[in-house]
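Worth knowing before you read on, the calculation uses all heavy atoms, side chains too, and leaves out hydrogens, waters and symmetry mates.
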Amino acid sequence: MNITVVGLGYVGLVNSVILASYFHNVIGLDFDKTKVATLKQGTATIQEPNLQSLMNDASPRLRFTTNYKDAIRPNKIIYIAVDTPEGRDGKPNMTNFNLVLEEIAKNAIQDSYIVIRSTVPVGTNKYAKKYLEENSDYKFDVISHPEFLSQGSAVDDMLNPSRLILGVSTKAAEDLMLQIYSNYQKRRIPILITTPETAELIKYAANNYLAMKISYINEMARLCEIVGADIEEVSVGIGLDPRIGTQYLKAGVGYGGTCFPKDTRALSWLGSSHEVPLELVQATIKINNSQPDILIKKINSHFKSLSNLNIAVLGVAFKGGSEDVRNSIATYVVKHLLDKNARVRVYDSLAIENFQKEMQRHSRIDYSTSILETLDNADAVIILTDAKELKELDKSCFIDNMKKPIIFDGRNLYRPQNMEGTTYYSIGRQTVK
Ligand code: UDX
C-alpha cells in the first residue's frame, strides 16, 4: 500500500521504516530540511538498535521530502506522527498537529484516511475529521492508532508489539488498517478494534499506569528506609504475583524522558478540564517531583558542605542506553550540586553531548570521556542511570580511584551486601558504612 508519514521524529521515522520493511511504499515528510537531507542519503537520524539496517533493506520503498504537495497528493493513507509537546498546565501543545491538518486540507486531492500516531487529547479524532471536511472538498476517515515505543527498543517494540490499538469509526477504516497490518494478524498479535475516544484514552491510561507503578514503588522505598525493609526484595516479592507483574517496579530517583512526565500532566489536565479530578495521577506526579530530593537529602546530610568538593556524576540521560537528556533527573541533581558550589564532573557514554548543550549556561562542569577519569580523586559519586556499563562496575573502581569511595546510587545498581569497604547509599535500602 502507499502510505505517507508526516513527522520524522522518533515515532514517525521508526513507523516509516517498519511500514516500508513490510513492503508498503512510504513517503516520509518533515519540515526539517537537514533531517530530510540526511535521510535522503540513507542515514537514520536517530540511534535505535536495528533501525539503520532495516532502513537500508527497505530503502527502495522509502522516499523523503519536505514538500507537502509531493507527500499528500499521491497517497490517500496519511499517518500523522508529529510531536505534541507539553503546553501550559500540562495541556498538549497542538500547534504542529494543527499545522499538519491545515496542510492536508490544502493539498489533498482525494478522499483520504488519516491515521493519528501522535499522542493527542481525547476528542482530537473528531476534531480532525470536522476540521478537514470543513476546509477541503473531500471526505476523511480518521483512525486513532496510538504507539507504545520505548527508546532503546523502538524497532523491536514496533515489530513485536504487545498489542495494536485501532480506534475506528467505520468498517472501511477497520478493513484498511487490518490490511496494512495483515502481517501482525498472521502472527496472532492482539489487535483491539475500538472507538477513537477509547483508543485516545488507552495511550494516556497505559503510560500513566506505568508511571504510577514507578511512583508507587518509590513511595514504598521511602517507607523501607524507615522500617528497615529492602525495596528490591519488596519489588521481587510483589512482582511475582502475576496480577502485579515484575516490570516498572524499579525504585530510583524517579522517571524522566519525553513521555511519562508529559503524559501524566496531560492526563491530569484532561481530567481537570472535564471536572474529573484524577487523584492517583496527581499523586504519581507529586511523588515523582520529590523523588530526586530523597537522594539529594542523603548527599546533603553526609557532607556538611558541598563547597569545592569534587563530585562525579555517572549517567546523565533520562535512562540508561539513551542519548536523550530531556526531563532527565541528572539536570535537576547537577543544578543542585552547582548551587551548592560543588565541582562537578559528569560522564555518560551516549548522552554527554546533549547534556553539555542542555547545561551550556553553567560553568564548573567538566565533561569526561571515561568512567575512571570521572572517578579520579572524587569526593563522592552519584549514579543516575541504569546504563549497562555502570551496572557492571566492580566496587574496586570506586575504592581504587576516588579520594574516598562514597557512593550515592540513585538506581540501586549494586547489592548492598557486596559493597563492604565503601560508603554506599541507595534508594529504599539500608546504607552500608
Ligand atoms: C515510555 C513507555 O515505556 C513507552 O511505552 C511510551 O510509548 C513512551 O514512554 P520511554 O520514555 O522510552 O518509554 O522509557 P521507559 O523505559 O519506559 O522509562 C521511562 C522512565 O522511567 C525512565 O526515566 C526510567 O529510568 C524510569 N523507570 C522505568 C523507573 O524509574 N523505574 C522502572 O521500573 C522503569
Self-check item: Pairwise side-chain contact, Tyr22 with Leu159, heavy-atom cut-off 4.5 Å (strictly under)
Solution: yes
Quiz item: Can you find a pair of side-chain heavy atoms, one from Val313 and one from Leu337, that are under 4.5 Å apart?
Solution: yes
So, for [X] and [Y], which heavy atoms are closest and what is the spacing to 0.1 Å?
X	Y	value
Ala81	Val11	CB-CG1, 4.2 Å
Ser16	Leu8	OG-CD2, 3.6 Å
Ala317	Ala351	CB-CB, 3.7 Å
Ile352	Tyr347	CD1-CA, 4.0 Å
Leu270	Val122	CD2-CG2, 3.8 Å
Asp386	Lys391	O-CE, 3.3 Å

How long is the straight-line distance from [atom2] of [Y] back to [atom1] of [X], given to the nearest 0.5 Å?
X	Y	atom1	atom2	value
Ile80	Arg117	CD1	CZ	12.5 Å
Ile116	Lys203	CD1	NZ	13.5 Å
Thr124	Lys126	OG1	NZ	11.5 Å

Exercise. Give the C-alpha distance, both sets of side-chain angles, the deciding distance and a yes or no for side chain to side chain donor-acceptor pair (under 3.5 Å) between Thr65 and Asn67.
Key: CA-CA 5 Å; Thr65 179; Asn67 186 305; 5.4 Å; no
Looking only at atom types and distance, does a side-chain atom of [X] sit under 3.5 Å from a main-chain N or O of [Y], one as donor and one as acceptor?
X	Y	answer
Lys129	Phe140	yes
Thr246	Gly239	no
Gln151	Ser322	no
Thr422	Met419	yes
Thr38	Thr34	yes
Ser268	Val281	no
Lys395	Asn418	yes
Asn208	Asp263	yes
Arg61	Ala20	yes
Asp348	Leu350	yes

Quiz item: Should the pair Arg429 and Tyr424 be classed as cation-pi, given the thresholds of under 6.0 Å to the six-membered ring centre and 45° from the axis?
Solution: no
Check this for me: does any side-chain nitrogen of one of [X] and [Y] sit under 4.0 Å from a carboxylate oxygen of the other?
X	Y	value
Glu102	Lys106	no
Arg326	Asp324	yes
Arg222	Glu219	no

Exercise. Starting from the C-alpha separation in whole Å, work towards a yes-or-no answer on ring-ring contact (aromatic ring centres under 6.0 Å, His included) for Tyr209 and Tyr248.
Key: CA-CA 10 Å; Tyr209 191 81; Tyr248 287 79; over 10 Å; no
Modelled atom types, side-chain donor and acceptor of [X] and [Y], under 3.5 Å:
X	Y	answer
Asn96	Asp83	yes
Asn56	Gln52	yes
Ser153	Ser150	no
Asn300	His336	yes
Glu147	Asn15	no
Thr374	Ser368	yes
Asn183	Arg187	yes

Quiz item: Ring centroid separation for Tyr181 and His145, is it under 6.0 angstrom?
Solution: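 Yes, ring centres under 6.0 Å apart.
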Practice problem: Please lay out, stage by stage, how Arg345 and Glu373 fare under the test salt bridge (charged side-chain N to carboxylate O under 4.0 Å, His left out). | Solution: CA-CA 9 Å; Arg345 194 180 302 149; Glu373 185 190 55; over 6 Å; no
Give every donor-acceptor pair under 3.5 Å between a side-chain atom in residues 249-262 and any protein atom, sequence neighbours left out.
unit_1	atom_1	unit_2	atom_2	d
Lys250	NZ	Glu232	OE1	3.0
Lys250	NZ	Glu232	OE2	3.4
Lys250	NZ	Asn412	O	3.2

